[in-house]
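Below is one structure, written out as structure tokens; the observations come after it.
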Amino acid sequence: MDLQDAHTRCKTDLARAIEQLQGKVEPTQLETITELIVQTMTGPWRYFHTPEHIFDVGGSVAPIEVLAALFHDLVYVQVDQGVSLNIGGYIAPFVKEVQKQLVIRDVTEQPASLMFEIVTAIFGFAPGQVLSPTAGQNEFLSAVIAAQSLEPCLSPSIIAQITACIEATIPFRSLSASGLNPSETLHQRLVIANNRFNFGWNETQIVEIVKRCVRLGNRDVENFAYPNSAIFLDNTWNLLPETNHELINANSYKVAEYRRSLQNMEKFMNFLSPERVFQRFMGEPDEETFQALILGTQKNLEVAKLYLGCKLVSIAIIEALSLRLAHDIPLSTLMGELPIQGSKTPSLEDFIPTNIQSTQKPETALEREVLELLTKGRNQESNYDLKNSPIATFIVNSMGFTSVRYLINRAKEFFVETISPDEFLKECDPNAIATIIDGIEKLFTSRVSALRGLSGDTTLMFEPSQATKSTPGQELVSEAQPQMS
């Protein structure tokens, strides 16, 4: 979606939703709000949290959900590297920075604002509170901007419902100290806010408000339950550069930088439980739908954990080998540059055999799916990485999943320097390591040929190597086979 299309869609959705809620917006206000949303959501680091995402989350039926979705990701401190000037003016009167953390100002420091009082009451926040990026900070500040932007257009009661929907998009929360899930806690806060601000809701209406919040919050994370794991991984790969900005420089990010981005995502996938992804409140969604979401999420998390683990092993091997040359070198030095449309330069995969006959075939449906994803790739290309994983595929085919699972843990020990690079390499199959070393050597040789302008024999550039009993670099790896725990 280009910038103009995003602007048109956002403006149309805003105007329609406000009208459906019996509100009124002046043309200049409409333009200001539209520009605020679109400019923020199309920032340089936005790869997943984009205009397309907020349109998908909001849907097109319920106006309160549409408006909440348009605002819910405006503030994303980790992605945007702070708060932009465009949105900072809305929150600076109420929030300050103290020792690199955002803190809600004391009452004496704040201007009088009914909207801010409503938002803090629904989020359960208080003056003096230190905000946390992983505990509602971004959603809270986004709701503050939404409330102030919409104050001239809609009633406080409607803005409170929009705020509640934004609160419901705080992801991956556990039960409260009293054993309530996030939706039950939100229900309690809405009851209190209703009495405090005289919204005039009855209990049935409050329950319906919370159900609406659950629908929106679940749409925000619906990709976790996609039936196609490749699409789920596409979204994962769109998230990586949002918080790993070095990946934007496709052919210059370092080996360790790429590894850390995978490592952080793999750690997150292992931390997350399906029950913390989706919400449920008083039959919304129904039991069958909710269980399908949980099962779909469980399956995608299992695929992602093994997939990322395989890629961690492959990058660990590349990183261990790279340290023989220098510290902190670009990944493209050892792997070759990413392909550019209309141009093909040699890459490591050109020199790695693809016809490996593994003696340890995938044993489960999970292993078969992960191997297919590694071999054929995710659904979409990305600007900073291949969609398929030729080196990880070679490693899995050479060593089998049992060895790879063992090496995932050994790789993590290498990353924290519990074991040395050479100790890690000695845990790997020596023939596989020798083949990769041979491939890197041939990649380097092809570059030498290109520098010398050779125009005759081009076999050095694109002839895949064949694993033999003695290949260049064989002496660098131990004959020891991986030891299974």
Side-chain angles (χ1 to χ4, degrees), residues 246-247 249-260 262 311-356 374 384-386 388-399 407 411 414 420-479:
E246 62 277 358
L247 298 181
N249 304 311
N251 286 311
S252 63
Y253 55 76
K254 308 299 177 57
V255 176
E257 289 174 337
Y258 179 74
R259 180 259 296 170
R260 282 192 290 269
L262 294 181
K311 290 182 74 70
L312 274 180
V313 171
S314 69
I315 196 63
I317 290 171
I318 296 298
E319 185 171 359
L321 293 174
S322 77
L323 294 173
R324 293 179 177 274
L325 304 176
H327 282 76
D328 212 25
I329 63 176
L331 183 59
S332 59
T333 300
L334 294 181
M335 298 281 290
E337 291 193 345
L338 294 172
I340 302 172
Q341 188 172 7
S343 174
K344 168 64 177 172
T345 57
S347 63
L348 179 57
E349 66 176 297
D350 296 320
F351 308 107
I352 299 296
T354 58
N355 58 343
I356 296 293
L374 293 170
Y384 68 92
D385 197 9
L386 296 172
N388 64 324
S389 307
I391 307 305
T393 301
F394 167 74
I395 289 166
V396 171
N397 282 331
S398 298
M399 304 183 192
L407 289 172
F414 159 48
S420 70
D422 282 0
E423 286 175 317
F424 170 70
L425 290 174
K426 287 177 182 179
E427 297 275 12
C428 303
D429 177 79
N431 289 322
I433 299 301
T435 299
I436 293 173
I437 293 173
D438 182 43
I440 294 172
E441 180 182 347
K442 289 192 173 183
L443 175 62
F444 286 175
T445 303
S446 74
R447 290 167 175 164
V448 172
S449 299
L451 283 172
R452 292 177 176 173
L454 296 181
S455 57
D457 185 5
T458 60
T459 56
L460 280 176
M461 295 185 66
F462 292 103
E463 180 183 345
S465 65
Q466 298 297 322
T468 62
K469 292 183 179 179
S470 179
T471 57
Q474 179 77 45
E475 70 280 1
L476 298 179
V477 294
S478 167
E479 293 296 331

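Keep in mind that this is a model prediction, so the values were computed, not measured.
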So how far is it from Ile329 CD1 to Glu319 CD, rounded to the nearest 0.5 Å?
10.0 Å
For residues 326-335, which residue pairs qualify under salt bridge (Lys or Arg N to Asp or Glu O under 4.0 Å), counting only residues two or more places apart or in two chains?
Lys254-Asp328
I'd like to check the side-chain contact (heavy atoms from CB on, under 4.5 Å) partners of Ser420; sequence neighbours left out, ordered by chain and number.
Asp422, Glu423
Who passes side chain to side chain donor-acceptor pair (under 3.5 Å) against Ser314, sequence neighbours left out?
none
Interatomic distance, CG@Leu334 vs OG@Ser322, rounded to 0.5 Å, equals 5.5 Å
So Ile318 and Leu348, side-chain contact (heavy atoms from CB on, under 4.5 Å) or not? Walk me through it.
CA-CA 11 Å; Ile318 296 298; Leu348 179 57; 4.0 Å; yes
Tell me every residue that passes side-chain contact (heavy atoms from CB on, under 4.5 Å) with Ala432, counting only those two or more places apart in sequence or in another chain.
Phe394, Ser398, Met399, Asp429
Output, in order, the C-alpha distance, side-chain angles, deciding distance and verdict of side-chain contact (heavy atoms from CB on, under 4.5 Å) for Asp438 and Phe351.
CA-CA 8 Å; Asp438 182 43; Phe351 308 107; over 6 Å; no
Can you list the residues that meet the side-chain contact (heavy atoms from CB on, under 4.5 Å) rule with Leu338, with sequence neighbours excluded?
Ala250, Asn251, Leu386
Determine whether Ile352 and Ile391 satisfy the following criterion, side-chain contact (heavy atoms from CB on, under 4.5 Å), listing intermediate values before the conclusion.
CA-CA 8 Å; Ile352 299 296; Ile391 307 305; 3.9 Å; yes
Hey, what do you get for CZ (Arg447) to NZ (Lys442), rounding to the nearest 0.5 Å?
15.5 Å
Checking Arg259 against Leu331 for the side-chain contact (heavy atoms from CB on, under 4.5 Å) test, could you report, in this order, the C-alpha distance in whole Å, the side-chain angles of both residues, the deciding distance, and whether it holds?
CA-CA 10 Å; Arg259 180 259 296 170; Leu331 183 59; over 6 Å; no
Which pair of heavy atoms, one from Ile440 and one from Leu321, lies closest together, and at what distance?
CD1-CD1, 4.0 Å
Given Ile317, which of Leu312, Ile437, Leu425 fulfils the side-chain contact (heavy atoms from CB on, under 4.5 Å) condition?
Leu425
Asp385 to Tyr258 - nearest heavy-atom pair and separation
OD2-OH, 2.7 Å
What is the minimum heavy-atom distance between Leu443 and Thr333, and which atoms define it?
CD2-O, 4.2 Å
Spacing of OG belonging to Ser347 relative to CD belonging to Glu337, to within rounding of 0.5 Å
10.5 Å
Can you name the side-chain contact (heavy atoms from CB on, under 4.5 Å) partners of Ala316, sequence neighbours left out?
Ala411, Phe414, Phe415, Phe424
Measure across Leu262 and Ile315 and return the closest heavy-atom pair with its distance rounded to 0.1 Å.
CD1-CG2, 4.4 Å
